[in-house]
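A quick write-up on the structure given underneath.
Just so it is clear: chains get the letters A, B, ... in the order the sequence lines come, proteins before strands, and each one is counted from 1. Any value given below was found using the heavy atoms of this structure, including those in side chains, with hydrogens, waters and symmetry copies removed.
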Protein chains: 2
Amino acid sequence: MFKRALYLQVRDVLVERIAAGAWKPGAAIPNEVELAREFGVSPGTMRKALDLMEAMRLLTRRQGRGTFVNDPSSAELTARFSNVRNPDGASIVEEVKTGEVAEWAVSDVECLRLHLSKDDRVYRLSRKRLHQGRAYMIEDVSMPVALFPGLAGEQSSSPGLTELAGQYGVLLGKAEERVSVKDAPLGVAEALGIALGSPVLVLDRVVFALDGRPAEWRMGWCHISDGHYLAEMK
Amino acid sequence: MFKRALYLQVRDVLVERIAAGAWKPGAAIPNEVELAREFGVSPGTMRKALDLMEAMRLLTRRQGRGTFVNDPSSAELTARFSNVRNPDGASIVEEVKTGEVAEWAVSDVECLRLHLSKDDRVYRLSRKRLHQGRAYMIEDVSMPVALFPGLAGEQSSSPGLTELAGQYGVLLGKAEERVSVKDAPLGVAEALGIALGSPVLVLDRVVFALDGRPAEWRMGWCHISDGHYLAEMK
DNA sequence: AAGTGGTCTAGACCACTCA
DNA sequence: GAGTGGTCTAGACCACTTG
């Protein structure tokens, strides 16, 4: 018989509580000893559970103040998966134009990237990112219907992934991005205002939820004259 | 008066012990209670220090067996900073041709990337990476003389950074890589066997030691027909 | 059976924040 | 001064590996 560590069980309950919205972003949660009493575990065990949640970027603890639920749609957490940078290394301050959301049957690539079956469905939309009035990236985005049910009907122009994730109780974990160089096809070249066949960075990214389910697949075609893509490795 | 946490002080001593080679890669270190006794701290404090070192990839602990020093030149730790991948996502099995090592005065870019002063000196070398007999990347590498004193004299064809770091007691931490697209200049095009002006991925990478000092700057020009650069974000 | 790391407990005291 | 998280202690017992 397999016995899951107590601090992991405690963490999972607390994570679920945040995903369900029982504790709102920005709010303080009960202090460590109180939580330990509620769960019937020792303070050390509760502390270890909270340590893990801080590492998952769900909580922020401040000595003398308390423990707070992070806002997943905060600038910091939203920028976490955007690696396009200015020459000086700063994140690009940008304007985003989002197209309409529509529901479709999955394509083969979507099956692969989003770990779906042939008969699953996805929402698709496209975006254009501008910097100083010039388009520098266009994106095709796909999200599983299963994770964001009823998305298409609700809002014609969708907010970003992090806002959606917050609304639907999907907690985001890691992302994987495949970067390559391709010649710009016609639609891309027109949208970015560059010559047909100019080389562009192709950014093929999947964002995963904390439980490992893929939450978003995005193909980006990016033309930055002076900037770069920044990868950090630990 | 500022008091550094005990477990951090303990960790620093242990890290220094590994850097100095007092504990060899692959060897087991004393068990937790013995180490705790030696340092005059409680087992819990020693455990926290060891936890941190495991997160720094310096140690591996195995329940029932013991705690072992990681080999920094192992395949796993060496591949950590190489993000070029095959279409199937696997790391490219490769052959490397390394040029001669020579000592130079720093250039402006080296000053910037390696955090050096105008009058510091660096070792430079170049490499060519082959896959199935074809060159897919050429690299210009610079390393501070201060971190690897006497490198040029010792060996004409240098081993990789991870081996050097092991020899010189430099423990590697994180890396930052700037990725962009450029037209291949003459030397690059010739070396890679592509047309002059073909677009290539430019990989501008700095590897940092655990203490934050830059240990290596590498400019790579990479042409992969079907593969990609893989970035993971946590 | 002996030895290791992994988990869990139940406290104590310190450092910081804020009213 | 009251309340919070951060550190530290000194044990106990469990799960796993090896001889």
Margin query: Does the plane of the ring in A:His115 sit parallel, tilted or perpendicular to the ring in A:Phe208? Use 30° and 60° as the thresholds.
Written below: tilted
Check: For A:Lys3 and D:dC13, what is the distance between atoms NZ and P respectively, to the nearest whole Å?
Finding: 14 Å
Could you list the protein-to-nucleotides 17-19 of chain D atom pairs, N/O on both sides, closer than 3.5 Å?
{"from": "D:dT18", "atom 1": "OP1", "to": "B:Arg65", "atom 2": "NE", "distance (Å)": "3.1"}

Next item on the list: Walk me through it: do A:Leu151 and A:Tyr168 pass the test side chain to side chain contact (heavy atoms under 4.5 Å, CB included)?
Entry: CA-CA 10 Å; A:Leu151 170 59; A:Tyr168 286 83; 4.0 Å; yes
Check: Are A:Glu110 and A:Arg124 close enough, and set up right, to give a salt bridge (Lys or Arg N to Asp or Glu O under 4.0 Å), and what steps lead you there?
Finding: CA-CA 11 Å; A:Glu110 284 166 341; A:Arg124 290 193 197 141; 2.8 Å; yes
Checklist line | Qualifying residues under ring-ring contact (aromatic ring centres under 6.0 Å, His included), relative to A:Tyr7, sequence neighbours excluded | finding: none
Check: Going by heavy atoms closer than 4.0 Å, what residues in residues 36-60 of chain B are next to DNA chain C?
Finding: B:Arg47
Notebook entry, point to check: Separation of B:Leu8 atom CG from D:dG6 atom P, in whole Å?
Noted result: 13 Å
Item checked: Under 4.0 angstrom between A:Tyr7 side-chain N/O and C:dC8 OP1 or OP2 -> no
Next item on the list: Send over the distance from B:Arg61 CZ to D:dA15 P, rounded to a whole Å.
Entry: 18 Å
Note to self: Tell me which residues in residues 26-34 of chain B lie within less than 4.0 Å of DNA chain C, going by non-hydrogen atoms.
What the structure shows: B:Asn31, B:Glu32
Next item on the list: Could you tell me the separation between the NZ atom of B:Lys118 and the SG atom of B:Cys111, rounded to the nearest 0.5 Å?
Entry: 5.0 Å
Next item on the list: For residues 14-23 of chain B, pull every pair meeting side chain to side chain donor-acceptor pair (under 3.5 Å), keeping only residues two or more places apart or in separate chains.
Entry: B:Arg17-B:Glu38
Check: When you look at A:Asp12 and A:Arg4, which way does the salt bridge (Lys or Arg N to Asp or Glu O under 4.0 Å) test go after all the steps?
Finding: CA-CA 11 Å; A:Asp12 290 346; A:Arg4 194 167 167 72; 3.0 Å; yes
Notebook entry, point to check: If you take all heavy atoms of A:Glu54 and A:Leu59, which pair is closest and at what distance?
Noted result: CG-O, 3.5 Å
N/O donor to acceptor pairs below 3.5 angstrom from side-chain atoms of residues 226-234 of chain A, sequence neighbours left out:
{"from": "A:Tyr229", "atom 1": "OH", "to": "A:Asn83", "atom 2": "ND2", "distance (Å)": "2.9"}
{"from": "A:Tyr229", "atom 1": "OH", "to": "A:Glu177", "atom 2": "OE1", "distance (Å)": "2.6"}

Next item on the list: Quick one: pull up CE in A:Met219 and CG in A:Asp140 and give me the separation to the nearest 0.5 Å.
Entry: 8.0 Å
